[in-house]
Structures are given as C-alpha cells and as structure tokens.
Peer 1: 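Pasting a structure below so you can have a look.
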Amino acid sequence: MTVYRIIETQADIEEGVRALVGQCRHMAGVHAVTGQPPLRRRANGFEGLARIIVGQQLSVASASAIWDRTEKAVKPFEAAVLLRKRDSPLRKCGLSAGKVRTLRTIASAVAGGELDLDRLSGADDDTIKEALIALKGVGPWTADIYLMFCLGRADGWAPGDLALRYAVQDACGLDDLPDEAGMVEAAERWRPWRGVAARMLWAYYSIRRTQKKDAVPV
C-alpha cells in the first residue's frame, strides 16, 4: 500500500519550501518574492468538494461570501440535506444554475453510496481523480484542487490552472505560456512537493499581478 505524504500543518509547508528552495533556483526566486505560502487546507468529504465547486471561477472574496450563504442555507451541510432543498434558495445564495446542478449530482452520488469520499481518501491520485471526474460537472481542475487542499496530498499539482500556468511562465522565464503537458514536465523537478510549489506559485502570481498593475508607465 502506497503511503502519501500529507500536508497537515504549517511545519509541513516549511519543510517543503526548504526542499524546493534548496533544489531549484526558480523556486528560490519565487520564495524571495513570496516568503512562506499559506497552509490552505479545507475539510475533506462532501463539504470540501462542494466548497471547491462553489468557488470555481470566482474571486476569493466572492467565493467566500457565496459559500457562507450556502452553508447557512444547508444546515447541517450534508448531501441528504442539500437534496431536500429547492433550487430557489440555493440560487439566492449566489449559485449559478450549473453549480446547483453539479452540487445535486455530487450529493446524489454521496447519498446513494455511489461515491464514498471517506473510503476514496486512501486511494491513489489517479483513482480519486477518475472517480470525481466521472461525475457530470466535475472536471480535472476540481479533482486536482480536492487532492491538494482537501486531502492534503503534498505532491498534488493542477496543470490546468491558468494562474499557475502564468506563474510558471514568469518564474521560469519561459517565452510561451506552458500547456498542460508543459506544466507536468516543468513540475517534475518539484516532486515530491509539487503541492507546496503550487502554493508558492499562486502567491507569486498574485504578487506579480499586483506589481504589474501598480507599475507606472514612463
């Protein structure tokens, strides 16, 4: 049985940062800009997966506000409880029709026993991703984020994330924006701490974007 390194505390993040900075000059440069990245752990199971769906393609502030309203509307936040809710109160939380459908799809799979997230948490990455992506409305990005932040997989990676792609291009001095295959290739050097590298690069992207906005043309 494969044992996966799990990120549980800030000390785990610090260990990963030391390893990355020591083995990669690009990560050393990123760390010089960002400092220590945040832990960014979420609850696993139905609640954690639902929160990822709610926050897709939204700013952090908007995602947090909509999640707070959704969590208050579904108490306790369980699959069976969500299924009893009509669409109208869920839409009033700020959820799109598509997100409501996806949440219902996940809730039905969990409530019906087709998706056992507790049992799945011990499986290998590919098995977890396959099970999640099989659900309509759940794509590779959602599965990758679940692995990283809900299950804490230290070597998780999200090659399809656009912010990560821009961060890798900038940090590594690439001429072109890497595609998903290029992202997988670029991150090989960061194993077994790709999940920490991702946290560093997200922080780097945010800082660099702010710096560029604040730059005054000469």
Side-chain angles (χ1 to χ4, degrees), residues 2-44 48 51-52 55-61 63-64 124-126 128-129 139-218:
T2 303
V3 177
Y4 293 92
R5 177 63 191 265
I6 303 300
I7 295 173
E8 296 178 329
T9 68
Q10 196 64 33
D12 296 319
I13 295 289
E14 292 168 4
E15 181 182 348
V17 168
R18 286 194 298 271
L20 291 165
V21 168
Q23 71 190 35
C24 177
R25 63 182 178 86
H26 299 304
M27 282 291 103
V30 167
H31 184 251
V33 173
T34 65
Q36 297 295 97
L39 181 59
R40 294 183 72 170
R41 279 301 306 268
R42 300 290 190 190
N44 61 5
R51 185 163 187 171
I52 294 170
Q56 284 177 351
Q57 298 179 323
L58 295 173
S59 68
V60 173
S64 180
D124 62 81
D125 292 359
D126 289 341
I128 294 170
K129 290 179 68 172
W141 180 88
T142 300
D144 287 331
I145 298 301
Y146 185 80
L147 281 166
M148 268 193 281
F149 295 147
C150 295
L151 298 184
R153 296 288 171 92
D155 201 37
W157 184 239
D161 186 89
L162 187 58
L164 273 186
R165 292 170 63 197
Y166 278 117
V168 168
Q169 180 187 18
D170 190 353
C172 297
L174 304 178
D175 292 331
D176 300 313
L177 188 68
D179 57 14
E180 291 195 25
M183 288 288 286
V184 171
E185 181 180 355
E188 280 299 313
R189 77 192 84 173
W190 302 325
R191 287 185 179 275
W193 292 106
R194 293 184 303 174
V196 175
R199 288 165 169 83
M200 294 171 68
L201 287 161
W202 270 311
Y204 179 78
Y205 170 78
S206 180
I207 292 170
R208 292 284 286 159
R209 183 176 61 173
T210 300
Q211 289 172 341
K212 289 176 182 178
K213 285 181 178 178
D214 291 342
V216 179
V218 177

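Every heavy atom of this structure was used, including side-chain atoms; hydrogens, water molecules and symmetry mates were not.
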Peer 1: Could you list the residues that satisfy salt bridge (charged side-chain N to carboxylate O under 4.0 Å, His left out) with Arg191, not counting sequence neighbours?
Peer 2: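 Salt bridge (charged side-chain N to carboxylate O under 4.0 Å, His left out) check on Arg191 returns Asp155, Glu188.
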Peer 1: For Ala28, which residues count as a side chain to side chain contact (heavy atoms under 4.5 Å, CB included) partner, sequence neighbours excluded?
Peer 2: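 Only Val21 meet the side chain to side chain contact (heavy atoms under 4.5 Å, CB included) criterion with Ala28.
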Peer 1: Please name all residues satisfying ring-ring contact (aromatic ring centres under 6.0 Å, His included) with Tyr205, sequence neighbours left out, ordered by chain then number.
Peer 2: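 Tyr205 satisfies ring-ring contact (aromatic ring centres under 6.0 Å, His included) with no residue once adjacent residues are dropped.
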Peer 1: Among pairs that include at least one residue of residues 6-33, which meet ring-ring contact (aromatic ring centres under 6.0 Å, His included), considering only residues two or more places apart or in two chains?
Peer 2: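 Listed by first then second residue: nothing to list.
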Peer 1: Which residues pass the salt bridge (charged side-chain N to carboxylate O under 4.0 Å, His left out) test with Arg153, not counting sequence neighbours?
Peer 2: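 So Arg153 forms a salt bridge (charged side-chain N to carboxylate O under 4.0 Å, His left out) with Asp125.
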Peer 1: Is any side-chain heavy atom of Cys150 closer than 4.5 Å to one of Ile145?
Peer 2: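 Counting from C-beta outward, Ile145 and Cys150 never come under 4.5 Å.
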Peer 1: For Glu185, check salt bridge (charged side-chain N to carboxylate O under 4.0 Å, His left out) against everything at least two apart and list the hits.
Peer 2: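 Salt bridge (charged side-chain N to carboxylate O under 4.0 Å, His left out) list for Glu185, sorted by chain: empty.
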Peer 1: In chain order, what residues pass the side chain to side chain contact (heavy atoms under 4.5 Å, CB included) check against Gln10, with sequence neighbours excluded?
Peer 2: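 Gln10 satisfies side chain to side chain contact (heavy atoms under 4.5 Å, CB included) with Ile13, Glu14, Gln36, Leu39 once adjacent residues are dropped.
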Peer 1: Determine all donor-acceptor pairs shorter than 3.5 Å in which one atom belongs to a side chain in residues 167-177; sequence neighbours excluded.
Peer 2:
from   : atom 1 : to     : atom 2 : distance (Å)
Gln169 : NE2    : Asp175 : O      : 3.3
Asp170 : OD1    : Arg208 : NH2    : 3.3
Asp170 : OD2    : Arg208 : NE     : 2.8
Asp170 : OD2    : Arg208 : NH2    : 3.3

Peer 1: Suppose we screen for salt bridge (charged side-chain N to carboxylate O under 4.0 Å, His left out). Which residues come up paired with Arg5, at least two apart in sequence or across chains?
Peer 2: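 Residues passing salt bridge (charged side-chain N to carboxylate O under 4.0 Å, His left out) with Arg5: Asp12, Glu15.
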Peer 1: Less than 4.5 Å apart, any side-chain heavy atom of Arg199 and any of Ile7?
Peer 2: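 Yes, close enough: below the 4.5 Å cut-off.
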Peer 1: For Thr34, enumerate each residue passing the side chain to side chain donor-acceptor pair (under 3.5 Å) test, keeping only those at least two apart in sequence or located in another chain.
Peer 2: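 Thr34 satisfies side chain to side chain donor-acceptor pair (under 3.5 Å) with no residue once adjacent residues are dropped.
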Peer 1: Go through the structure and list residues passing side chain to side chain contact (heavy atoms under 4.5 Å, CB included) with Ala187, not counting sequence neighbours.
Peer 2: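 Side chain to side chain contact (heavy atoms under 4.5 Å, CB included) list for Ala187, sorted by chain: Trp157, Trp190, Arg194.
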Peer 1: Is the side chain of Arg40 donor-acceptor paired with the backbone N or O of Phe149 at a distance under 3.5 Å, no angle test?
Peer 2: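 Here the side-chain-to-backbone pair does not exist.
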Peer 1: Between the side chain of Ser206 and the main-chain N/O of Trp202, is any donor-acceptor distance below 3.5 Å?
Peer 2: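 Between the backbone of Trp202 and the side chain of Ser206 there is no qualifying donor-acceptor contact (under 3.5 Å).
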Peer 1: Restricting to side chain to side chain contact (heavy atoms under 4.5 Å, CB included), what partner residues turn up for Asp179, sequence neighbours left out?
Peer 2: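 Once residues adjacent in sequence are excluded, the partners of Asp179 under the side chain to side chain contact (heavy atoms under 4.5 Å, CB included) criterion are Ala181.
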